[in-house]
S.K.: 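Mind looking over this structure? Questions follow.
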Amino acid sequence: MPIPTLSLNDGSQIPSLAFGTGTAFSRHQDAQTTLESAINIGFTHFDGAQRYKNEATLGAAIKASESSVPRSELFITTKYAPLTPEETAKTALCKSLEKLGLEYVDMYLVHAPKDHMDGGGLKEVWKVMEECKREGLTRSIGVSNFGVEHILEIVEGAQILPAVNQLEIQPYVWDFVKPLIAVHKEHGIVTSSYGGLSALFRAPGGPLDPVVEKIRARLEDTRGKPVTSGQVLNKWLLQHDILVVTTSTKVERIGEYVDTCDVPELTAEEMGLIEGAGAERHQSFFKNTKYCLKGI
């Protein structure tokens, strides 16, 4: 099954499953080969960032794969984080495009609000983001690690609304992210997640584990083919219409992620069981989360 898409508030479509080039992957020694494998396996959405310092590697993988998967079939995201004091969202994006070897990206995100908190900084940054879209340097614009107050600050007076907000979402932060998702829905903003499997792999033995294992076994029995715990959590996110950004350096794991689209759906009861188990422990795993989710 092809990876489904979500509709953005600017009329574009975005693949609901993305391969991330950050976190541990940004230090991966054979990154280009792995990215080429991800393209061949079926990923079309690649989530990068200036801060990851590997945009040139992603660009090389795109170029090496263009005979089988043309640029027009890919969705490329990068993120703005000022690496020097004089850099703007526009000048930074131009550098990113040069490294990627592209004429445009499909999505450009403000990486984190904490980089722009001085004197009306968020609104000023957003004006430049809007300019990047108008000039065709990016097809869509959005944000990352923004909380309710950050979203409301830039929405007020914005000529172009953010299309996406990307942040840590997994069951142990679910209770804290729901008010933010409500604001997203009010403005037609797609919720995007990273770290969706952290509750299982960074905090094993928690209240979520037995619930996910029971659901995994039921799905595997229903499907008649293997289902993994990671697929259960990714399916939970996808069924909430949340864009999933995930990553791996292992080819078999990359194939597993794409295969998630063919896993049967969780029942409403199973969705609730995951959220109930998540409510038993409140834990985040990424430092930016404390800036966007109050009380975690």
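Start at 1 with the first residue, then count along the sequence. Predicted model, so just to flag it, every value in this text is computed and none were measured.
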S.K.: Taking side chain to side chain contact (heavy atoms under 4.5 Å, CB included) as the criterion, tell me which of Gln50, Gln166, Arg51 meets it with Lys79.
M.R.: Gln166

S.K.: For Thr5 and Pro15, indicate whether the former's side chain and the latter's backbone hold a donor-acceptor pair under 3.5 Å.
M.R.: no

S.K.: Which atom names give the shortest non-hydrogen contact between Ala89 and Tyr108, and what distance separates them?
M.R.: O-OH, 2.7 Å

S.K.: What residues form a salt bridge (charged side-chain N to carboxylate O under 4.0 Å, His left out) with Glu36, not counting sequence neighbours?
M.R.: none

S.K.: Which pair of non-hydrogen atoms, one from Gly147 and one from Leu180, has the smallest distance, and what is that distance?
M.R.: C-CD1, 3.7 Å

S.K.: With heavy-atom distances below 4.5 Å as the criterion, would you say the side chains of Leu122 and Pro113 are in contact?
M.R.: yes

S.K.: Is Ser7 close to Gln13 at the side-chain level, that is, under 4.5 Å between some pair of heavy atoms?
M.R.: yes

S.K.: Could you verify whether a donor N or O on one side chain and an acceptor N or O on the other, from Glu269 and Thr267, lie under 3.5 Å apart?
M.R.: no

S.K.: Cut-off 3.5 Å, side chains only: do Trp236 and Glu275 have a donor facing an acceptor?
M.R.: yes

S.K.: May I ask you to decide if Ile76's main-chain N or O and Asp106's side chain share a donor-acceptor pair within less than 3.5 Å?
M.R.: yes

S.K.: Within the structure provided, determine whether His184 and Val190 are in side-chain contact (heavy-atom separation under 4.5 Å).
M.R.: no

S.K.: Flag the pair Glu131 and Arg134 as a salt bridge only when some basic side-chain nitrogen lies within less than 4.0 angstrom of an acidic carboxylate oxygen.
M.R.: no

S.K.: Donor-acceptor check, side chain of Glu130 to backbone of Ala158, threshold 3.5 angstrom: yes or no?
M.R.: no

S.K.: When you check the side-chain N and O atoms of Ser37 and Thr34, is any donor under 3.5 Å from an acceptor?
M.R.: no

S.K.: Evaluate the salt bridge (charged side-chain N to carboxylate O under 4.0 Å, His left out) criterion for residues Arg139 and Asp10: first the C-alpha distance (whole Å), next the side-chain angles of each, then the deciding distance (0.1 Å), finally the verdict.
M.R.: CA-CA 9 Å; Arg139 297 281 175 86; Asp10 61 9; over 6 Å; no

S.K.: Checking side chain to side chain contact (heavy atoms under 4.5 Å, CB included) between Ile169 and each of Val177, Val245, Leu293, Leu243, which is the one that passes?
M.R.: Val177

S.K.: Classify the ring geometry of Tyr52 against His111: parallel below 30°, tilted from 30° to 60°, perpendicular beyond 60°.
M.R.: perpendicular

S.K.: Glu124 vs Lys127, test: salt bridge (charged side-chain N to carboxylate O under 4.0 Å, His left out). Steps then yes/no.
M.R.: CA-CA 5 Å; Glu124 291 306 309; Lys127 287 179 182 178; 3.5 Å; yes

S.K.: Does Lys235 use its side chain to pair, donor to acceptor, with the backbone of Pro264 at less than 3.5 Å?
M.R.: no

S.K.: Donor-acceptor pairs under 3.5 Å, side chain of residues 222-230 to any protein atom, not counting sequence neighbours: which ones?
M.R.:
unit_1 : atom_1 : unit_2 : atom_2 : d
Thr222 : OG1    : Arg218 : O      : 2.9
Thr222 : OG1    : Arg218 : NH1    : 3.3
Arg223 : NH1    : Pro226 : O      : 3.1
Arg223 : NH1    : Asp259 : OD2    : 2.9
Arg223 : NH2    : Asp259 : OD1    : 2.7
Arg223 : NH2    : Asp259 : OD2    : 3.1
Thr228 : OG1    : Gln231 : N      : 3.1
Thr228 : OG1    : Glu256 : OE2    : 2.7

S.K.: Apply the side chain to side chain contact (heavy atoms under 4.5 Å, CB included) test between Pro171 and each candidate in Leu233, Val211, Val212; give the one that qualifies.
M.R.: Leu233

S.K.: Quick one, Lys90 with Glu135, criterion salt bridge (charged side-chain N to carboxylate O under 4.0 Å, His left out). Give me CA distance, side-chain angles, the key distance, then yes/no.
M.R.: CA-CA 10 Å; Lys90 184 177 176 181; Glu135 294 187 11; 3.0 Å; yes

S.K.: Is it the case that the side chain of Asn54 and the backbone of Thr21 share a donor-acceptor pair, with hydrogens and angles ignored and the cut-off at 3.5 Å?
M.R.: yes

S.K.: Measure centre to centre between the rings of Phe286 and Tyr194, then say whether the value is under 6.0 Å.
M.R.: yes

S.K.: Hey, are Glu156 and Lys123 close enough for a salt bridge, meaning a charged N less than 4.0 Å from a carboxylate O?
M.R.: yes

S.K.: Could you please spell out the steps behind the ring-ring contact (aromatic ring centres under 6.0 Å, His included) verdict for Trp174 and His240?
M.R.: CA-CA 11 Å; Trp174 183 247; His240 274 297; 4.6 Å; yes

S.K.: Quick one: does Ile3's side chain get under 4.5 Å of His45's, heavy atoms only?
M.R.: no

S.K.: With ring centroids as reference points, do Phe176 and His282 lie under 6.0 angstrom apart?
M.R.: yes

S.K.: Given 3.5 Å as the limit, does a donor-acceptor pair link the side chain of Gln170 with the main chain of Gln283, or not?
M.R.: yes

S.K.: According to ring-ring contact (aromatic ring centres under 6.0 Å, His included), who are the partners of Phe285, at least two apart in sequence or on a separate chain?
M.R.: none

S.K.: Under 6.0 Å from the NZ atom of Lys53, do we count more than 12 heavy atoms belonging to anything else shown?
M.R.: no

S.K.: Would you check if the side chain of Asn9 reaches a backbone N or O of Pro162 as a donor-acceptor pair within less than 3.5 Å?
M.R.: yes

S.K.: Any chance you could lay out the salt bridge (charged side-chain N to carboxylate O under 4.0 Å, His left out) test for Lys294 and Glu149, step after step, and finish with the verdict?
M.R.: CA-CA 10 Å; Lys294 295 294 186 182; Glu149 70 275 20; 3.6 Å; yes

S.K.: Closest approach of Ser65 and Ala61, non-hydrogen atoms and distance?
M.R.: OG-O, 2.9 Å

S.K.: Look only at the side chain of Asn165 and the backbone of Phe146, and say whether a donor-acceptor pair between them is shorter than 3.5 Å.
M.R.: yes

S.K.: Could you check whether Tyr80 and His116 have their ring centres less than 6.0 Å apart?
M.R.: yes

S.K.: Using every non-hydrogen atom in the two residues, find where Ser284 and Thr289 come nearest and quote the distance to one decimal.
M.R.: CB-CG2, 3.8 Å

S.K.: Tell me whether Thr88 contacts the main-chain N or O of Thr91 through its side chain, where contact means a donor paired with an acceptor under 3.5 Å.
M.R.: yes

S.K.: Against the six-membered ring of Tyr104, is Arg71 placed for a cation-pi contact (under 6.0 Å from the centre, within 45° of the normal)?
M.R.: yes

S.K.: Under the 3.5 angstrom rule, does the side chain of Ser16 hit a backbone N or O of Pro4 as a donor-acceptor pair?
M.R.: yes

